[in-house]
There are 2 protein chains.
Amino acid sequence: MSPTPGRRRAPSKGDRRERAILDTARTLLAHKPLADITIDELAAGAEISRSSFYFYFDSKLSVVVTLLRALTGELNADAGPWLDGTEPDEPGLRRAVATLAAIWRTHGRLLTGVLAAAPTCAPIGQWRAGLREAHIARLAARIERGRAAGLAPAGPDPHVLAGMIDDLQTATFAAATDPDGLVDDLVTVQLRMLYGQLPPRHSSGSSARGTSGDHAMASSTRRPNPNSSPE
Amino acid sequence: MSPTPGRRRAPSKGDRRERAILDTARTLLAHKPLADITIDELAAGAEISRSSFYFYFDSKLSVVVTLLRALTGELNADAGPWLDGTEPDEPGLRRAVATLAAIWRTHGRLLTGVLAAAPTCAPIGQWRAGLREAHIARLAARIERGRAAGLAPAGPDPHVLAGMIDDLQTATFAAATDPDGLVDDLVTVQLRMLYGQLPPRHSSGSSARGTSGDHAMASSTRRPNPNSSPE
DNA sequence: GCTGGAATCGACACAGTGTCGAGTTTTTCG
DNA sequence: CGAAAAACTCGACACTGTGTCGATTCCAGC
């Protein structure tokens, strides 16, 4: 094999195997959640035995984290001019959201699969939290600038509002079948959250407080396993 | 034991055991996610052997589903007048959100624990989906009424918008440490999403398209397990 | 052709789940 | 009361998935 000048080195057998594992993981994640994927499958996909898998990765998680590292750049890149601007520049926002939507279109299954695992497993949760915090910080700063410039109405604490927007975007795309179709709506809603003025109040406000407290737990006669069919 | 007249029957040993399992589950869920709870623990909490557990419930899931059934009523009850009204009645919305916040304050750990498991396990996912759909249906109807009456500006499809609001609420409370503190913000944001008018546009729109495409996947020299420390 | 690291694998130990059948306890009612 | 029925309990087992270890094979460079 001529070591093509310019390339450091021909990819070794191990390199190919590692990629094969990663590719298999990507493929499988498109079909089922992380929790349902076994190391056997990952290994089989790369045509090695289960124990050989451990030569390449510590665990399923390490595989996913590696996959995620590759996505982080893309995910951050979308932010661009919108987050660093100040004006309520709709086209800029639309561009940002559209880019995000494109990522979700391509990597949607991976992202939802991984996000599903986030609450349960620390490293993934941290990855998500990192992205979220980064987004919130920039967006909150943007909100502050906008308000200071009199471009946006007062409202919730910028960090809280930014968090809501981030959550909204993630939840919306995660639930979507067609991310691109949601871009316009997401833009509209986001602009309203940031800049929406409420029409004058009709007043007539009373701040009552009502805490409903009724429980009702039926206790039927028990047969072995009265509680039925989960999964 | 005098069978207190008025009561059907003294709770049998089995009844007490079943409750003990449920209580244990509630307690444990406050401390760790569903996935980290074993049947051993549940059984131990009720002072029975692991295999006896299966006399009462099919699986961990059945336990949680039972827990959830008890919550469903409360969760639906909050909706009340706000969802069935038409006017942008802020106090009504505040009352609804405050009630929801109260539920999250009391059952927060249970809810986040359970919600964390939702993507992975069908029955929980269905429970969540059911609540969500019910909320969306009523809220979407409300939005349509409001728009028809000229009270709310046009915007995203009512079902989409309603879904966003539901997601927003869930995500916000799930991430919150102090649900009650978020009521005002949630009310403000929700009203803006529904009724917010955008100030007149400055125009100057160009709809360029930018798809950034750079990857960078470092492939270092491999040692056994180059991928480190997950969990 | 030999040597050392890269890569591979089978066997093992462990943790959790769910089932089965054989026991014990409690309730029912003749 | 006392025997049959039901409610309940448990140990032993089979199974799935994870991660570790040590022995073995492969292969590049000297």
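Scope of the values below: all heavy atoms of this structure, side chains included, with no hydrogens, waters or symmetry mates. To find a chain, count down the sequence lines: A is the first, B the second, and so on, and within it residues start at 1.
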Is a side-chain donor or acceptor of Gln169(A) paired with a backbone partner of Asp166(A) at a separation under 3.5 angstrom? no

To the nearest Å, how far apart are Arg16(B) CZ and dT26(C) C1'? 12 Å

Among dT8(C), dG19(D), dA7(D), the one nearest any side-chain atom of Arg17(A) is dT8(C)

Could you grab the distance from atom CG of Leu100(B) to atom CD of Glu74(B), nearest 0.5 Å is fine? 10.5 Å

Applying side-chain hydrogen bond (donor to acceptor under 3.5 Å, both in side chains), can you list everything that pairs with Ser52(A), at least two apart in sequence or on another chain? Ser49(A)

Is there a side-chain polar atom (N or O) of Ser52(B) under 4.0 Å from OP1 or OP2 of dC8(D)? no

Does any donor atom in the side chain of Thr112(B) or Trp104(B) lie under 3.5 Å from an acceptor atom in the other side chain? no

Rounded to the Å, how far apart are Phe53(A) CZ and dG19(D) P? 8 Å

Return the polar atom pairs (N/O with N/O) between nucleotides 21-24 of chain D and the protein under 3.5 Å, or none.
none

I'd like to know if the side chain of Glu47(A) and the backbone of Ala44(A) have a donor-acceptor N/O pair within less than 3.5 Å. no

Take the protein atom CD1 of Ile39(A) and the nucleotide atom C1' of dT16(D), then report the distance between them rounded to whole Å. 13 Å

Hey, does the side chain of Tyr56(A) come within less than 4.0 Å of dA6(C)'s phosphate (OP1/OP2), counting only N and O? no

Below 4.0 angstrom, N of the basic side chain to O of the carboxylate: do Asp178(B) and Arg105(B) qualify? no

Report the distance from atom CD1 of Ile21(A) to atom C1' of dA7(C), rounded to the nearest whole Å. 12 Å

Does Lys32(B) reach the main-chain N or O of Ile37(B) with its side chain, forming a donor-acceptor pair under 3.5 Å? no

Phe57(B) atom CZ is separated from dT19(C) atom C1', nearest whole Å, by 19 Å

Under a 4.0 Å threshold between the charged nitrogen and the carboxylate oxygen, would Asp84(A) count as salt-bridged to Arg142(A)? no

For residues 40-50 of chain A, which residues have at least one heavy atom under 4.0 Å from DNA chain C? Ile48(A), Ser49(A)

Taking dG18(C), dG17(D), dT8(C) as options, the one with an atom nearest any side-chain atom of Phe55(A) is dT8(C)

The residue among Leu42(B), Val63(B), Ile39(B) that forms side chain to side chain contact (heavy atoms under 4.5 Å, CB included) with Phe57(B) is Val63(B)

Rounded to whole angstroms, how far apart are CG on Leu34(B) and C1' on dG16(C)? 14 Å

Atom-pair distance (OH on Tyr54(A); P on dG17(D)), nearest Å: 12 Å

